[in-house]
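Here's the structure, in structure tokens; my notes come after.
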Amino acid sequence: MAQWNDYHHEDEDVDGEERDESEVDYKSTGRDSLVFLVDASKEMFIKGEDEEPSPFDMTMQCVRSVYTSKIISSDKDLVALVFYGTEQSKNPRNSFKHVYIYHDLDSPGARRVQDVDGLRGEKGAQVAGETMGSGNTNLGEALWCCSNLYSDIKLRLSHKRLMIFTCRDTPHGGDSERDRQARTKASDLKETGVVIDLMHLMKTGGFDVSLFFCDVVSPPEDEAELGLQMEPCGKLEDLKKRVRAKEMKKRSAWHWMNVAVGVYITALQARKPNAIKLYRDNNEPVRTKTRLYHTQTGSLLLPSDTKRVQVYAGRQIVMEKDEVDVIKKFSDPGLELIGFKPMERLKLHHHLRSAVFIYPEEELVTGSACVFTALLRRCSVRNVFALCKYTRIRNSPPRFLALVPQREEVDDGQAQIAAPGFHGIFLPYADDIRTLDTPQLPTASEPQVDKMKEIVHKLRFKYRSDAFENPVLQQHYRNLEALALDLMAPEHIEDHTMPNVNMMDQRLGSLAQEFRDLVYPADYNPEGKTGPKRKPAEAAGGAEKKPKLEMSEDELRGHVQKGTLGKLTVPVLKDACKQFGVKVTGTKKQELIDALTAQLTK
């Protein structure tokens with residue numbers, strides 16, 4: 001059937017499936033906020049063994065990584081950078097001693113990235129010493145200053161997080177009064193919804209969290225949350241991994257009641273951001289508004305003045321918007337359990353798209369976690385999957401989901417590497433499965449198959465999706481970064497999707513030539529020139545193009561009566577429409593058939 005055609009286009013989401021699932025509605029959910037609270041004491045600037053970067057340098061590299069990722073993925077989020085234990089003070093009215101606000105709580109930008117770059121390396125340590133210096137430490141004052149940063153924000157915040165970077169397990173050197181003040185202020189922050197995390201770095205003698213910071217940091221928000229890590233970070237990659245696990249707030253794309261569960265999107269295709277049109281004079285974003293006017297009277301059309309039309313069998317079926325909404329609605333949003341199937345019934349070709357992850361929302365409906373856990377355990381023990389009908393939002397078509405159980409997995413350090421829950425596999429309908437007529441091809445001989453097995457065995461490697469970045473996207477962001485930071489040239493990227501021909505040749509050795517000798521004839525040359533191109537028909541004296549075949553009206557009427565218009569090709573149908581003056585709105589075969597049928601049956 002043809003698509004719904006409007007007499008006008010409304011600025012609304014008619015079909016929920018067309019919406020981008022990665023978009024975040026900041027008006028309804030609010031913005032995420034993150035404050036980096038970094039220790040600026042002298043111990044932070046001491047380099048590690050074997051010229052390892054200092055804890056301060058590792059922290060600045062981590063902060064820069066978060067800034068750039070926020071600019072790309074969620075530029076509406078708010079980020080701040082605050083140093084404590086400094087000699088100089090910089091905060092509103094300098095009411096907090098030894099606290100230096102380097103960046104206020106605001107959206108990240110190119111200027112901030114450049115500022116953080118100025119604090120990296122040995123030169124950055126010198127700049128930090130000249131700008132801020134190292135002085136006394138009062139963590140309670142620093143936490144109070146961060147609290148004021150949050151209270152000064154007038155925007156709606158959905159998630160507030162504060163990360164403390166330090167290599168000192170006793171920041172006040174045993175001063176019990178300052179310890180008590182810091183614990184009290186941390187408790188006040190946690191009561192206002194701020195999540196406090198500790199990113200402790202390696203120091204000589206080890207880092208004992210139990211001396212002070214165990215009473216400051218926040219407990220895990222749920223079972224899937226990465227809790228307080230007892231071991232300090234000694235390498236930059238470990239620190240970046242731990243920060244990323246904390247600063248990436250898990251958002252459920254949708255949730256439903258009864259037994260409340262959240263649906264989390266595990267993978268989304270990364271795309272270039274949409275271009276924003278700017279006004280030429282002041283570079284302000286251009287806002288467009290659409291107004292519809294009557295073609296004859298020129299009067300403004302209201303939404304109630306418009307209708308929708310569907311062309312069927314040559315007729316325009318006109319319907320109201322409410323009637324279309326009723327037709328499109330199949331069921332209310334949610335997951336409806338249908339039954340259970342053995343796991344072996346789920347085939348690899350049943351996966352239509354990336355799966356979603358189902359996890360209980362205990363804060364919405366009490367008892368959801370108990371029901372969900374019981375279902376998860378029984379499905380795992382019996383090796384079955386749950387079959388459900390899944391309706392994402394109102395007016396979206398229902399889909400079948402296979403809920404595959406996943407038990408919790410932890411590593412040697414008791415850090416969670418796989419959360420308990422169900423993977424929702426999208427299943428095809430019967431209409432989605434096609435029977436293909438495979439062409440008859442020559443069958444490979446047994447020696448050829450054996451030789452190819454050897455080649456495949458030699459070229460096998462362990463695939464990891466996170467080892468391959470999209471080179472087009474990476475080059476795009478490198479170009480933007482170079483323009484924003486006034487760099488001479490964009491940073492070079494390495495395209496890991498290109499095959500390593502030299503390594504493949506080394507692994508194969510003579511196998512490639514042996515396989516070629518088994519399959520191709522002796523005189524085969526894969527780099528040989530192709531045959532000469534054929535000359536045009538006119539120059540070669542060949543046959544001219546066949547003239548267009550015109551059909552009489554009686555022949556077309558005969559096809560209409562027999563219902564065999566579908567056997568004619570699209571070019572023939574187009575010529576027939578032109579021959580009899582039939583106006584068509586499209587070029588699809590069914591539209592041409594409908595137009596001809598309506599003309600010849602008058």
Side-chain angles (χ1 to χ4, degrees), residues 34-46 48-49 52 54-56 58-59 62 82-85 98-99 134-147 160-247 408-417:
L34 174 62
V35 175
F36 293 104
L37 185 57
V38 181
D39 186 2
S41 62
K42 296 180 180 180
E43 291 85 348
M44 289 286 289
F45 294 91
I46 300 176
E49 300 178 355
E52 291 285 336
S54 65
F56 186 85
M58 290 173 55
T59 302
C62 187
V82 181
F83 295 98
Y84 72 96
H98 310 294
V99 178
S134 299
N136 297 329
T137 299
N138 192 333
L139 187 58
E141 294 270 304
L143 294 175
W144 196 344
C145 181
C146 294
S147 177
K160 297 182 286 187
R161 188 177 291 274
L162 186 147
M163 292 186 180
I164 302 175
F165 291 81
T166 182
C167 65
R168 296 186 295 167
D169 48 11
T170 54
H172 304 124
D175 189 336
S176 59
E177 181 61 24
R178 289 191 176 185
D179 287 349
R180 185 190 62 80
Q181 292 177 358
R183 292 189 181 99
T184 302
K185 199 56 198 176
S187 178
D188 295 340
L189 275 172
K190 288 183 281 188
E191 288 180 359
T192 61
V194 179
V195 179
I196 303 176
D197 294 320
L198 175 64
M199 299 297 153
H200 48 304
L201 303 163
M202 186 69 71
K203 73 160 193 169
T204 305
F207 196 107
D208 191 353
V209 180
S210 62
L211 294 178
F212 172 74
F213 281 102
C214 63
D215 300 326
V216 173
V217 299
S218 301
E221 298 179 81
D222 51 48
E223 294 181 0
E225 183 75 17
L226 186 64
L228 176 62
Q229 300 294 304
M230 304 304 292
E231 293 296 327
C233 292
K235 296 183 179 179
L236 177 61
E237 292 303 322
D238 296 338
L239 181 62
K240 286 184 177 181
K241 181 179 179 181
R242 191 172 296 182
V243 170
R244 180 172 178 78
K246 288 288 187 180
E247 65 96 5
E408 183 181 22
E409 296 181 14
V410 296
D411 58 12
D412 297 336
Q414 297 302 308
Q416 187 183 80
I417 58 177

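- Judged by distance alone, the side chain of K185 and the main-chain N or O of A142 form no donor-acceptor pair under 3.5 Å.
- R168 and T137 share a donor-acceptor pair across their side chains, judged by distance under 3.5 Å alone.
- Between V195 and D197 there is a side-chain heavy-atom pair separated by less than 4.5 Å.
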Inset, instruction - Could you check L139 against Y84 for side chain to side chain contact (heavy atoms under 4.5 Å, CB included), going step by step and ending with a plain yes or no? - result: CA-CA 7 Å; L139 187 58; Y84 72 96; 4.0 Å; yes
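- Within the 4.5 Å cutoff, side-chain heavy atoms of V99 are placed close to those of V82.
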Inset, instruction - Give the C-alpha distance, both sets of side-chain angles, the deciding distance and a yes or no for side chain to side chain contact (heavy atoms under 4.5 Å, CB included) between T166 and L198. - result: CA-CA 8 Å; T166 182; L198 175 64; 4.0 Å; yes
Inset, instruction - Step by step, work out the side chain to side chain contact (heavy atoms under 4.5 Å, CB included) result for T192 and D188. - result: CA-CA 7 Å; T192 61; D188 295 340; 5.9 Å; no
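- C167 and F207 get closest at one heavy-atom pair: C-CE1, 3.6 Å.
- With hydrogens and angles ignored, the 3.5 Å screen pairs a side-chain donor or acceptor of S218 with a backbone N or O of I196.
- Using a 4.5 Å heavy-atom cutoff, the side chains of H98 and N138 are not in contact.
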Legend entry - F212 vs R183, side chain to side chain contact (heavy atoms under 4.5 Å, CB included): CA-CA, chis, key distance, verdict: CA-CA 9 Å; F212 172 74; R183 292 189 181 99; 3.7 Å; yes
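- To the nearest 0.5 Å, atoms CG (D175) and CD (Q181) are separated by 8.0 Å.
- Within the 4.5 Å cutoff, the side chain of M163 has heavy atoms near those of the L34 side chain.
- For the pair L143 and L162, the minimum side-chain heavy-atom distance is below 4.5 Å.
- Of the N and O atoms on the side chains of H172 and D179, at least one donor lies less than 3.5 Å from an acceptor on the other residue.
- The distance from atom CG of D39 to atom CE of M199, rounded to the nearest 0.5 Å, is 15.0 Å.
- Shown here for S210 and C214, the closest heavy-atom pair between the two residues is O-SG, 3.6 Å.
- Counting only distance, with no hydrogens or angles, the side chain of D169 and the backbone of D208 share a donor-acceptor pair below 3.5 Å.
- Under the 3.5 Å distance criterion, the side-chain polar atoms of T59 are matched with a main-chain donor or acceptor of P55.
- Taking every heavy atom of both residues into account, K190 and V217 meet most closely at NZ-O, 3.4 Å.
- Of the possible polar contacts, none joining the S147 side chain to the L189 backbone as a donor-acceptor pair under 3.5 Å is found.
- You'll find the side chain of F165 stays beyond 4.5 Å of the side chain of F56, heavy atoms only.
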